[in-house]
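Since this is a predicted model, take the numbers as computed values, not measurements. The figures that follow rest on heavy atoms only: side chains count, while hydrogens, waters and symmetry mates do not.
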Amino acid sequence: MLKINNLHAKVESKDILKGINLEVNPGEVHAIMGPNGSGKSTLASVLAGRADYEVTEGSVEFMGKELLEMSPEDRAREGIFLAFQYPVEIPGVSTTNFLKTALNEVRKYRGQDPIDAVSFLNLVKEKSKLVEIDPSLLKRSLNEGFSGGEKKRNEVFQMAMLEPKLALLDETDSGLDIDALRIVANGVNKLKNKDNAVIVVTHYQRLLDYIVPDFVHVLYNGKIVKSGTKELALELEEKGYDWIKNPVSA
Amino acid sequence: MESLVGNIDLKESLKQHLEQQLSNASSYLKEISINSFDKFEKLGFPTIKNEDWKYTNFSTVLKNNFQLSNENSLTYEQLSKLLFSKLQGNILVVVNGIYRPEFSTILEKENTLQVRKINNLSKEFIEQHLSKTLAVSDAMTSLNTAFASQALILQIPKGKVVEHPVYLYFIASSDSNIFFHPRTIVVAEENSQIKLAEIHQKQGNHISFSNAFTDIYLDKDANVEYYKIQPDQEEHYHVGTTQVVHKEKSCFCGTTITLGGTIVRNNMNLILNSNHCDSTINGLYVGNNNQHIDNHSLVDHAMPNCLSNELYKGVLNGKSTGVFNGKIFVRQDAQKTNAFQSNKTILLSKDATMNTKPQLEIFADDVKCSHGATIGQLDDEPMFYLRSRGLSESSARMMLVSAFAQDIIEHIKLEPLKELMVTMLEETLIQN
């Protein structure tokens with residue numbers, strides 16, 4: 001589904017990603033861990049098409065197409081979804097309002113008819129239940145005055161509505177209390193199936209108790225320095241990141 | 001075509017036209033008119049050398065030939081295309097500055113809403129309501145007052161509530177370029193209420209230049225909800241002042257929506273002359289191509305315990321220019337004043353320009369005042385957020401700009417007008 005090949009990226013003049021290689025197949029959950037500043041969020045942003053980053057080398061293939069050539073909206077329409085680390089507040093735009101436009105643009109791209117108002121509302125009802133978000137929040141200005149947990153739940157709600165093939169969760173756990181974390185993780189797990197994939201970017205192992213990864217990769221200084229299974233995450237939790245930084249280990 | 005004139009003698013022709021118009025007027029109206037015209041002649045048309053007109057320049061358009069008389073051949077069919085069917089209520093139609101009862105529909109009873117021409121009114125009324133603007137040393141106002149013998153008067157008697165909204169259409173219609181001076185005086189007597197929307201429209205492709213003035217007098221406890229709607233129009237020039245004079249505990253809420261026009265200058269003057277007055281003014285301006293939209297406001301706090309709240313927002317695209325100048329005076333007696341002002345503009349193109357100037361002058365010491373002005377572009381982060389959900393760049397931009405403008409539209413309490421403005425705003429933004 002996703003093939004990242006020797007990806008280099010920089011922001012302004014600073015090299016952040018220095019040769020990432022990663023392959024993700026349908027049905028898989030990958031966790032990307034690493035210390036602050038290792039490039040985790042950059043990787044998620046580059047995949048989603050954020051303009052601040054410049055790709056200097058390498059390629060990314062998604063569903064057989066060259067991802068880096070596409071606009072952010074086309075990536076979304078192809079099935080990429082980024083759950084933001086810091087979801088923006090947009091006064092005057094409600095979640096339901098913009099999601100209806102988004103959903104219809106995605107449907108149009110795929111050659112489908114626009115969704116009618118009744119089906120849309122039913123879908124909102126069904127998905128809001130799934131991610132345990134209060135539907136009245138969705139009629140308010142996007143994320144304005146939302147708590148941290150509500151913002152993250154809203155991200156997962158949007159993911160549920162858009163049904164992406166590949167979801168990128170960028171530090172979705174940051175700042176969440178344990179109850180909010182559980183709700184968010186449950187939402188993600190319910191959406192998981194054999195045809196889609198998830199990349200979880202996180203600093204802490206805690207989230208991975210709830211979203212259990214098939215693979216764990218450790219990113220350090222712009223490269224994946226170690227890959228393993230979920231046990232690697234536990235080891236990182238126990239030992240911290242310092243042993244990874246030390247090239248003599250393993 | 002005696003009334004078609006070139007720029008060089010525009011003043012002279014205006015004078016001749018005025019003399020004709022005043023031939024049947026009462027002596028006291030004549031006196032006011034002639035005094036006003038003298039003042040205009042001394043001041044001359046404003047130029048950019050005048051600080052108040054620094055950014056807004058009408059000199060080019062004034063070089064055109066203009067018809068000065070109000071003659072026109074507007075038919076009911078042509079008119080009906082300019083009226084918005086969604087807006088039901090009292091419909092008053094003013095064509096080239098002259099009230100046209102045969103085109104108007106008044107639902108209200110005579111004892112609730114009195115609609116009259118000024119020449120039917122007493123000397124006392126005229127002196128009370130017209131001579132005050134004589135003191136103003138503004139050329140365009142003086143010129144308007146000179147032609148005030150055609151003014152339309154709306155009066156709401158004490159304690160009356162005008163049930164249906166009043167939609168006051170100002171139509172420019174002629175077979176050649178036209179320059180005209182609509183004058184409206186609204187008198188809301190003690191404890192009365194009215195919802196009034198001015199809608200400025202034009203018919204035909206000729207240049208229209210309206211120099212409008214609306215006085216609104218609020219007596220004790222009166223409540224006036226006022227709108228000034230300016231749809232996007234080509235070859236349309238406008239200088240218009242709304243002057244609001246408050247008495248104690250009166251409440252005014254005004255919203256100016258300007259969706260286009262070649263050069264538009266709106267003045268909104270609030271005179272808070274008594275205790276406990278409450279005044280809100282909002283504005284939205286959307287400019288495109290080479291349009292120029294100027295909003296000047298003056299809030300004069302003369303007495304204690306009053307509140308004024310002002311929010312103007314704008315979206316400028318193409319090579320359009322916006323101007324905001326917001327003066328607030330808090331005079332020495334005006335203790336416990338609350339006065340707030342904010343101006344925010346989004347520039348959608350690198351060729352668009354905004355000039356903003358908040359101006360606070362405070363002479364009292366126990367007041368709460370604030371002002372702020374921002375000029376910026378659409379933020380990248382919300383754009384990326386919406387696009388990362390699948391919205392195209394243009395629909396994301398449209399959504400963010402509409403949301404920005406919503407702040408003002410939301411304040412429209414007149415529901416059918418709000419709906420119309422939402423639609424018109426969208427149409428204007430799509431064209432942009």
Side-chain angles (χ1 to χ4, degrees), chain A residues 44-53 70-110 140-144 151 154-155 157-164 167-168 170, chain B residues 255 257 282-286 311-315 342-346 348 350 372 374 376-412 418-419 421-430:
Chain A
S45 293
V46 168
L47 293 177
R50 193 188 284 272
D52 311 345
Y53 300 93
M70 294 181 202
S71 64
E73 54 269 35
D74 280 348
R75 297 179 198 205
R77 294 161 183 173
E78 288 287 345
I80 293 218
F81 181 91
L82 172 67
F84 281 57
Q85 183 177 2
Y86 306 109
V88 288
E89 298 186 6
I90 309 183
V93 173
S94 73
T95 307
T96 40
N97 181 14
F98 99 82
L99 263 187
K100 191 170 181 197
T101 312
L103 196 61
N104 280 332
E105 293 206 20
V106 170
R107 289 174 71 96
K108 190 176 163 194
Y109 185 81
R110 294 176 186 163
R140 284 177 27 194
S141 279
L142 181 68
N143 292 328
E144 201 180 34
K151 285 181 183 171
N154 193 359
E155 293 294 289
F157 167 72
Q158 293 171 37
M159 177 178 154
M161 290 291 289
L162 296 168
E163 297 183 320
L168 309 164
D170 186 9
Chain B
T255 306
I257 311 261
N282 295 315
L284 173 67
Y285 44 97
V286 180
L311 174 63
Y312 274 73
K313 293 183 105 174
V315 179
S342 171
N343 173 229
K344 296 177 180 174
T345 307
I346 289 183
L348 291 180
K350 63 175 174 29
T374 60
Q377 292 160 303
L378 279 183
D379 287 340
D380 292 339
E381 191 61 18
M383 275 296 285
F384 174 62
Y385 189 91
L386 294 178
R387 291 176 69 191
S388 81
R389 300 303 184 242
L391 264 74
S392 68
E393 197 175 347
S394 63
S395 48
R397 179 179 297 125
M398 174 88 168
M399 195 166 270
L400 293 173
V401 171
S402 307
F404 174 80
Q406 272 310 312
D407 248 9
I408 305 298
I409 306 273
E410 283 292 306
H411 279 97
I412 299 178
K418 187 199 272 185
E419 284 169 23
M421 286 304 105
V422 168
T423 320
M424 277 173 68
L425 175 68
E426 266 177 29
E427 283 167 3
T428 309
L429 292 176
I430 286 170

Decide if atom [atom1] of [X] counts as having more than 12 heavy atoms of other residues, nucleotides or ligands within a radius under 6.0 Å.
X      : atom1 : answer
A/Y53  : OH    : yes
B/Q377 : CD    : no
A/K151 : NZ    : yes
B/D380 : CG    : no

Could you have a look at [options] and say which one has the most heavy-atom pairs with chain B under 4.5 angstrom?
options                     : value
A/N104, A/D74, A/V93, A/N97 : A/V93
A/I90, A/I80, A/V106        : A/I90
A/A48, A/S71, A/P72, A/P87  : A/P72

For [X], is it the side chain, the backbone, both or neither that has a heavy atom under 4.5 Å from a heavy atom of chain B?
X      : result
A/L162 : side chain
A/L99  : neither
A/R75  : neither

Item to complete: Identify the heavy atoms of B/A403 and A/P91 that sit nearest to each other, and give their distance.
Response: CB-O, 3.3 Å
Worksheet entry | Interface residues of residues 381-394 of chain B facing chain A - non-hydrogen atoms under 4.5 Å apart | B/E381, B/P382, B/F384, B/Y385, B/L386, B/R387, B/S388, B/R389, B/G390, B/L391, B/S392, B/E393
